[in-house]
K.L.:
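Submitted below is the structure of interest, expressed as structure tokens.
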Protein chains: 2
Amino acid sequence: MTTLNEVAAHAGVTPATVSNVLRNRGRVGAATRERVLHAVKELGYRPHLAARALAEGRAPTFALMVSSIANPFYPEFTLAAERAARTSGHFLIVCNTNDDQETGRAYLEQIAGTLSEGVLVTNAELVFDDLRAIAERGTPVVLCMWERPDDPPGLPCVAVDFRLAGALAAQHLLDLGHTRVGALVGSKSSHDDLSPFGIHGARRDGFVERFNAAGNARIVAEFICEADTIRGGYDAARQLLKAHPDVTALYATNDLPALGAMHAAADMGLSVPDDLSVVGITDIQLARESRPALSTVAVPTEEAARMAVDLLRELIDRAPRASRGNPGNTGTPPMRVTSAPVMVPRASTAPPRTQDQRTRSSLRRR
Amino acid sequence: MTTLNEVAAHAGVTPATVSNVLRNRGRVGAATRERVLHAVKELGYRPHLAARALAEGRAPTFALMVSSIANPFYPEFTLAAERAARTSGHFLIVCNTNDDQETGRAYLEQIAGTLSEGVLVTNAELVFDDLRAIAERGTPVVLCMWERPDDPPGLPCVAVDFRLAGALAAQHLLDLGHTRVGALVGSKSSHDDLSPFGIHGARRDGFVERFNAAGNARIVAEFICEADTIRGGYDAARQLLKAHPDVTALYATNDLPALGAMHAAADMGLSVPDDLSVVGITDIQLARESRPALSTVAVPTEEAARMAVDLLRELIDRAPRASRGNPGNTGTPPMRVTSAPVMVPRASTAPPRTQDQRTRSSLRRR
DNA sequence: CTGAAAGCGCTAACAC
DNA sequence: GTGTTAGCGCTTTCAG
């Protein structure tokens, strides 16, 4: 490994000068600069990032906490976050918590402020208290997909109006003429300060409110999705459809369960969208690629990732290492809100069949 | 931020002692150990990983290079790799190269050996030379999904027998009685020392060889998949099916294109598997979750990830930081081969229709 | 068993 | 413009 010192020796200057030319800091004479650059090239010098991190008091990485990168939403987010992070020379360390509090805690404990300059969190519920602690200790933290702009989490965050997303889904179904629908609502966290519907409370409430506002329509049933997966949606949808065969549409608070609901419908002999409409939330890649393509409320994932990284950087700049350890600015933590979600109608939703169409189709079931 | 020194002062010992108790190194008296531990707890001390990295000459991270984490194979691999890495206290830095040589190079240049103790590479083609350079410089590198066990890359690697995978897919189709099939072969890299079919050469050759070995069967057409995506498979399949409507089955060298082929079939009025069988390779999560579920050759992804991480660690131990800069052991680089891929028949493959069934079905097309 | 001292590779004041 | 001098926080010989 070749070090700054070696380069300096080779160029007949002092390490400080080399450092200066490499980072365009102090003014350096054109001649020496040439000599240094030459030596750098010749020796194949590459700065030791860990050493630099120590000296600068700041590491060139962000930690990104996700519940599981296997859930297709997160790779999309991760990709965007990484791109954004790279613009300031930061690397991204992925931390899969698997929705396990201990794992999340362990990551934060080790990484925050020591190997990572800041922390991006997509699933804050489980480690909320730890995040507060980290933040108070002076390491910037940003919650990346806060679901309720109207209810700030008490930490810096980027919020997406998921209540509106739910409302848009409801409106879409209403517009198509659906009056009896079922809802599959995802719930995993049992964190107390969240709605009884867990982390998808806002998505659920937005849907319910809007749908009920239409006098003649009703939400026939709500079923909890045990897991935010295709399988979870499949199981929940089967139950719901069995218990309430008269619904003409299903709303799911996330795309994966919505996709699962489509499969369930298919397996029960219902054709989507003719017999049953299905609408989800997020617009992950797969929603475009499923058959039929999933109607869903698109959420600005990339924008959220970019905003989160930007916010993180601002926090870092605002609280330079000088003030590390200080509680930092005591004002209310900043919140950014992304642009609004938008309904993306695709092939999984259609007007409900008329009564006798339904009768016919019902006969076909099972 | 509380440092080792502060803990030491608080405990009335010297930093060396604190370090010792924290890492169970030098023998420390039970009493002092207690005192130190107490101080650590009281002050909320957390070791500064960047500082430790510098002092130890080794960073607690691995870099994982992937072409794009958005391709669903990689998250699965990443998850497994992260788990394995954690067992030795390593974090994973994800490096999305987007199949761009410059990006890959930039990552390696910066990270390898300075912020990462080792490099895991899933897609070596583009940065092969750089990897060699890195390795020679003394930073361990492992290629994670080498496709041809019989043709070692000249770098440490974990190989999966993809030729066999192709053969298994062929055998499956043969067993079902297919005699006229099409092949969708993925190709992206144009690296010279690879087959004309790019990085999927082994998968293609294995299939072709086995299929042709059955005298009465033939591969009617091979089409190149421009992109290793659902869309790429969709486009290629459409073309192939249009040009060769008589094939009864499609083989794709990866699951995503296979999924796309199923969609293409659906859009062309062909039912899978009745009119057309489709088989892929890998067995990504999505293969299980598609409708119909995709028949595919399962590749031991998790095992590969684990083996890769293990191998990387061995290389690190073998070439301790003392010998950094030395070419290291000059023998031929180690290669590990995972257990064999296995055919997983699911709903997307079936025996071909008999002649008049086909005629009927053909009429339904368009 | 514990302390003292040197140094990992780099940056950052400040002097010359 | 360039060199000098201190560290960053931790590990690690080597003495005591």
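Remember, it's a predicted structure, so these values are computed and weren't measured experimentally. A, B, ... follow the sequence lines: proteins, then strands. Residue 1 opens every chain.
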K.L.:
Could you check how far CE of B:Met1 sits from C1' of D:dC8, rounded to whole Å?
P.N.:
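It is 10 Å, rounded to the nearest whole Å.
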K.L.:
According to a strict under-4.0 Å criterion, is A:Ser19 in side-chain N/O contact with OP1 or OP2 of C:dA12?
P.N.:
no
K.L.:
Indicate yes or no: does A:Arg318 engage A:Glu314 in a salt bridge with an N to O separation below 4.0 Å.
P.N.:
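Looking at A:Arg318 and A:Glu314, the cut-off is met.
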K.L.:
DNA chain C: stems of at least 3 consecutive Watson-Crick or G-U pairs, cut-off 3.5 Å?
P.N.:
C:1-11 with D:6-16, C:13-16 with D:1-4
K.L.:
Taking OP1 and OP2 of D:dG9, is either one under 4.0 Å from a side-chain nitrogen or oxygen of B:Arg52?
P.N.:
no
K.L.:
Roughly, in whole Å, what's the span from OH in A:Tyr45 to P in C:dT11?
P.N.:
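Whole-Å distance recorded here is 6 Å.
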K.L.:
Once you round it to whole Å, what is the distance between C1' of C:dA12 and CG of A:Leu54?
P.N.:
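Interatomic distance, CG of A:Leu54 to C1' of C:dA12: 13 Å.
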K.L.:
Side chains of residues 42-50 of chain A: which donor-acceptor partners sit under 3.5 Å, not counting sequence neighbours?
P.N.:
from, atom 1, to, atom 2, distance (Å)
A:Glu42, OE1, A:His38, NE2, 2.9
A:Glu42, OE2, A:His10, NE2, 3.2
A:Arg46, NH1, B:Leu108, O, 3.2
A:Arg46, NH1, B:Glu109, O, 2.5
A:Arg46, NH1, B:Ala112, O, 3.3
A:Arg46, NH2, B:Ala112, O, 2.6
A:His48, ND1, A:Ala50, N, 3.2
A:His48, ND1, A:Ala51, N, 3.1

K.L.:
So, OP1 or OP2 of C:dT2: does either fall under 4.0 Å of a side-chain N or O from B:Thr17?
P.N.:
no
K.L.:
So which atom in A:Leu37 and which in A:Val21 form the shortest heavy-atom distance, rounded to 0.1 Å?
P.N.:
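Here A:Leu37 and A:Val21 meet closest at CD1-CG2, 3.5 Å.
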K.L.:
Calculate the interatomic distance between B:Leu115 atom CG and C:dG9 atom C1'; express it in whole Å.
P.N.:
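The answer, rounded to whole Å, is 14 Å.
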K.L.:
At under 4.0 Å, does any side-chain N or O of B:Arg23 touch on OP1 or OP2 of D:dT12?
P.N.:
yes
K.L.:
Identify which nucleotide among D:dT2, D:dG3, C:dT2 has an atom closest to any side-chain atom of A:Thr32, counting heavy atoms from C-beta outward.
P.N.:
D:dT2
K.L.:
With sugar-phosphate meaning primed atoms plus P, OP1 and OP2, does B:Thr14 contact a base, only sugar-phosphate, or nothing at under 4.0 Å between heavy atoms?
P.N.:
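Base: the residue B:Thr14, judged by heavy atoms under 4.0 Å, touches a nucleobase.
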K.L.:
Should the pair B:Arg313 and B:Phe62 be classed as cation-pi, given the thresholds of under 6.0 Å to the six-membered ring centre and 45° from the axis?
P.N.:
no
K.L.:
Can A:Glu102 and A:Arg105 be counted as an ion pair, charged N to O under 4.0 angstrom?
P.N.:
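Looking at A:Glu102 and A:Arg105, the cut-off is met.
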K.L.:
Could you pick out which residue, A:Asn20 or B:Pro15, lies toward the 5' side of DNA chain C when each is mapped onto its nearest nucleotide?
P.N.:
B:Pro15
K.L.:
Counting only side-chain heavy atoms from C-beta out, which of D:dG3, D:dT11, D:dG9 sits nearest to B:Leu4?
P.N.:
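Given the options D:dG3, D:dT11, D:dG9, the side chain of B:Leu4 is closest to D:dT11.
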K.L.:
Output the single nucleotide from C:dC10, C:dC8, D:dG3 whose closest atom is nearest the side chain of B:Ala55.
P.N.:
C:dC8
K.L.:
Which heavy atom of B:Glu82 sits nearest a heavy atom of A:Asn96, and at what distance?
P.N.:
OE2-N, 2.9 Å
K.L.:
Taking CG from A:Asn24 and P from C:dA12, how many angstroms apart are they, rounded to a whole number?
P.N.:
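Result: 13 Å.
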K.L.:
Please give, in whole Å, the distance from C:dC1 P to B:Arg35 CZ?
P.N.:
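To the nearest whole Å, that distance equals 14 Å.
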K.L.:
Which whole-number value in Å describes the distance from B:Asn5 CG to D:dC10 C1'?
P.N.:
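B:Asn5 atom CG is separated from D:dC10 atom C1' by 9 Å.
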K.L.:
Rounded to the nearest 0.5 Å, what separates atom CD1 in A:Ile93 from atom CD in A:Gln110?
P.N.:
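Output value for this atom pair is 10.5 Å.
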K.L.:
Hey, which of A:Thr17, A:Thr14, A:Val18 is the one that makes side chain to side chain contact (heavy atoms under 4.5 Å, CB included) with A:Leu4?
P.N.:
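That would be A:Val18; it is the only one of A:Thr17, A:Thr14, A:Val18 passing the side chain to side chain contact (heavy atoms under 4.5 Å, CB included) with A:Leu4.
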K.L.:
B:Leu22 has an atom CG; how far is it from atom C1' of D:dT12, in whole Å?
P.N.:
15 Å
K.L.:
Quick check on C:dT11: is either OP1 or OP2 less than 4.0 Å from any side-chain nitrogen or oxygen of A:Arg25?
P.N.:
no
